[in-house]
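Structure, as structure tokens:
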Amino acid sequence: MDGPAAEQLALEGLPVAPARRRPRRAGPVPIAESAPVARVCVDLPPPHLDRPFEYLVPASMDAAARPGTRVKVRFGAQDVDAYVLERVDEAEHEGALAPVRRVVSGEPVVTPAVLRLARAVADRWAGTLADVLRLAVPPRHARVEAEDVAELPPAHGAGRPLSGEAWAPYRGGAAFLQHLAGGGTPRAVWTALPGPAGERWPDAIAQAVAACAVSGRGSLVVVPDARDLDRVLAALEAAGVEGAVRLAADDGPAPRYRSFLAVLRGRSRVVVGTRASAFAPVADLGLVVCWDDGDGLHAEPRAPYPHAREVLALRAELEGAAFLVGGASRSVEAQALVATGWAREVVADRATVRARTPRVRALTSVELAREGPAAAARLPGPAWRAIREALARGPVLVQVPRAGYVPVVACARCRAAARCGVCHGPLGVPAHGAIPTCAWCARLATDWRCSECGHDQLRSVRVGSERTAEELGRAFPGVTVRASGSRAASGVLATVPDGPALVVATPGAEPVAPAGYAAAVLLDAGVATSGASLRTGEDALRRWLAAASLVRAADDGGQVLVVGDGEERVTQALVRWDPAGFAARELDERAQLALPPAVRVATVTGPREAVAAVVARVDGAEVLGPVPVDGPAPRGSLVPDVRTVLRVPRAHGTALAAELRASLAVRSARREGGTVRVQLDPADLT
DNA sequence: AGCACGCCGACT
DNA sequence: GTCGGCGTGCTC
């Protein structure tokens with residue numbers, strides 16, 4: 001059992017003093033009798049350490065060192081945190097095993113199901129298990145852990161009779177619910193109708209959760225932000241689902257860990273949370289839901305950059321759970337789930353859509369040609385008149401595509417974008433009334449002159465919400481103006497009263513009006529649909545539909561105006577209220593151009609040589625680039641990073657991820673320099 | 001990641 | 001002649 005005698009090489013003549021340190025313990029500590037070997041995942045970042053290491057479990061820790069618990073182990077010369085993956089009888093490791101030093105807590109925070117999911121996520125996104133577990137398991141909070149466990153609330157589902165009313169308007173909606181209630185695992189891509197006050201979708205989700213509870217299973221609902229979280233929780237309560245747990249990283253360490261433990265200890269089997277809760281240890285998981293999956297908040301910004309929708313899809317497969325992804329719009333990725341037959345679409349028919357949605361009108365420069373020069377105004381006459389008229393009937397929502405104050409300025413005469421006279425960077429106005437400043441070199445544009453027409457006056461072209469609120473206040477004297485947005489003085493508003501008011505909001509910050517808005521005006525359509533990213537059009541449509549969904553139906557006088565020259569197909573998709581058609585066309589086009597999600601793509605970003613080394617070890621992928629990335633060089637370097645794009649058919653996605661993982665492991669073992677970032681299916685591919 | 005061991009420059 | 005640079009290698 002003991003190490004080979006060779007280890008006891010006698011070193012005669014050495015002073016005896018160091019030997020005095022050794023005998024801390026009189027003999028080897030007694031080792032656990034059954035399954036004495038713990039296979040652990042050490043919590044260290046380098047990819048080449050992403051494999052199990054084996055330790056002996058001292059008998060004293062036998063009961064506590066269960067699979068899923070956090071332990072401390074000696075790794076090399078340091079003490080590191082680790083998770084017990086499993087307990088086994090025999091070690092695979094040939095050499096001697098070190099003992100587990102300490103069990104940090106007996107709480108088995110990584111359940112077998114979550115471990116399997118985390119491993120799959122690490123593999124899929126070319127990351128490490130340790131990285132994924134760091135996303136999946138909230139930091140421990142010892143005091144919270146010691147708190148008394150509240151007793152189990154009565155099982156939900158035994159409550160009130162099941163309602164499926166919110167699903168009635170959708171083709172396949174009732175079937176989806178029945179399937180759920182019967183213990184099935186349907187998968188649906190759902191395009192939500194606007195409801196009264198835009199609040200029907202939380203009810204639909206709550207009813208799906210309730211149906212799943214009837215089958216005795218738990219549910220997990222992932223939403224983009226805290227506002228949506230509150231809405232779903234309220235709807236769950238209204239639907240009679242009790243004891244749902246709120247799980248959001250920005251609730252703070254103690255509440256977060258408390259909620260996590262409540263789920264882990266089986267106190268609740270319904271979780272509503274933000275992206276990291278896709279890993280929540282819900283027992284008997286029957287349903288996973290991703291609401292508004294096109295929202296960028298679902299994309300995890302930390303390595304390995306998994307997306308909540310994809311994590312949930314993976315999880316639905318691994319745990320045999322039903323899957324529901326939905327939104328007012330449809331992401332191209334969700335469309336791909338439909339196109340491959342992995343999920344079925346759940347949508348309302350045209351007549352229902354027409355009956356529920358407001359009238360949408362596009363005010364493009366063509367439409368406005370007859371208005372003459374005034375058409376160039378940001379708020380053209382017809383829009384002004386529509387707002388005036390709608391204000392008599394209720395609140396009017398004004399959506400502006402950018403937060404904050406005027407980021408970009410243009411020549412007041414010819415409207416050419418104003419550029420810095422020295423470095424040609426874009427000019428912006430950093431604060432109200434400030435002098436226009438170059439966004440690249442920070443020089444003040446004091447004696448600016450237009451390079452196109454020689455004019456010397458500037459005007460704002462991409463106007464932020466604060467400025468809009470200010471302008472609208474002047475255009476409609478006496479009317480209350482409320483601003484909602486992260487940069488607005490009053491922050492993000494959840495709701496506004498039903499009375500007449502102008503509500504100026506940035507995308508995602510639109511408050512709900514209980515009786516619906518009388519009208520919505522979507523400003524600067526040209527700005528909203530212009531951008532280099534693959535998802536620019538999809539994003540614009542998603543934001544427009546989210547705002548338009550808060551407006552009353554056309555029959556109740558609800559009206560939406562899109563102002564500006566937005567991209568034709570996006571504008572048309574909004575006018576026709578056809579997000580599914582838009583997503584289908586977009587996916588077709590991506591297939592033709594070999595763009596994701598029709599193919600799988602990975603980006604490798606970092607210093608030129610480092611990227612080249614990583615890419616050189618990857619076989620069988622089409623290599624695009626490298627190209628220098630925009631923006632400033634990373635700190636401590638004069639050379640900008642480069643980015644290489646790797647492209648493979650979807651079916652080779654797993655293999656690509658595996659090769660990248662292997663390449664990164666070689667890289668970290670060899671200590672190739674620089675910082676390299678690998679992203680699979682990056683959200684912001686340009 | 002840390003920390004060892006292991007071969008080539010400027011200093012006591 | 002040593003102290004010490006950080007280039008490979010390993011950690012159960």
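Per chain, numbering begins at 1; letters A, B, ... match sequence-line order. Hydrogens, waters and symmetry mates play no part in the numbers below; they use all other heavy atoms, side chains included.
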Contact class for A:Arg670 (heavy atom, under 4.0 Å): base, sugar-phosphate, or nothing? nothing

Under the ring pair (Phe, Tyr, Trp, His ring centres under 6.0 Å) rule, collect the residues that match up with A:Phe323, sequence neighbours excluded. A:Trp342

Of all nucleotides in DNA chain C that come within under 4.0 Å of a heavy atom of chain A, which is furthest toward the 5' end and which toward the 3' end? C:dT8 to C:dC12

Does anything in residues 51-64 of chain A reach DNA chain C, meaning a heavy atom under 4.0 Å, and if so which residues? A:Arg51, A:Phe53, A:Glu54, A:Tyr55

Give, ordered by number, those residues of residues 30-45 of chain A having at least one heavy-atom distance below 4.0 Å to an atom of DNA chain C; if nothing qualifies, reply none. none

Which pairs pass salt bridge (Lys or Arg N to Asp or Glu O under 4.0 Å) with one or both residues in residues 54-65 of chain A, sequence neighbours excluded? A:Arg39-A:Glu54, A:Asp62-A:Arg87

Please list residues of residues 86-94 of chain A whose heavy atoms come under 4.0 Å from any atom in DNA chain C, ordered by number; otherwise none. A:His93

For A:Arg70, check salt bridge (charged side-chain N to carboxylate O under 4.0 Å, His left out) against everything at least two apart and list the hits. none

Which residue pairs pass the ring pair (Phe, Tyr, Trp, His ring centres under 6.0 Å) test with at least one member in residues 34-82 of chain A, sequence neighbours excluded? A:Phe53-A:Phe75

Shortest non-hydrogen separation from A:Ala38 to A:Val57 and the atoms involved: CB-CG2, 3.6 Å

Report the residues that fulfil ring pair (Phe, Tyr, Trp, His ring centres under 6.0 Å) with A:Trp125, sequence neighbours left out, ordered by chain and then residue number. none

Minimum heavy-atom separation for A:Arg647 and A:Leu593, please, with both atom names. NH1-O, 3.7 Å

Chain A on DNA chain B: first and last contacting nucleotide, 5' to 3', under 4.0 Å to a heavy atom? B:dA1 to B:dC3

Under the 3.5 angstrom rule, does the side chain of A:Glu659 hit a backbone N or O of A:Asp619 as a donor-acceptor pair? yes

List the residues meeting ring pair (Phe, Tyr, Trp, His ring centres under 6.0 Å) with A:Tyr83, not counting sequence neighbours, and say none if there are none. none

What pairs with A:Glu672 under salt bridge (charged side-chain N to carboxylate O under 4.0 Å, His left out), at least two apart in sequence or on another chain? A:Arg617, A:Arg670

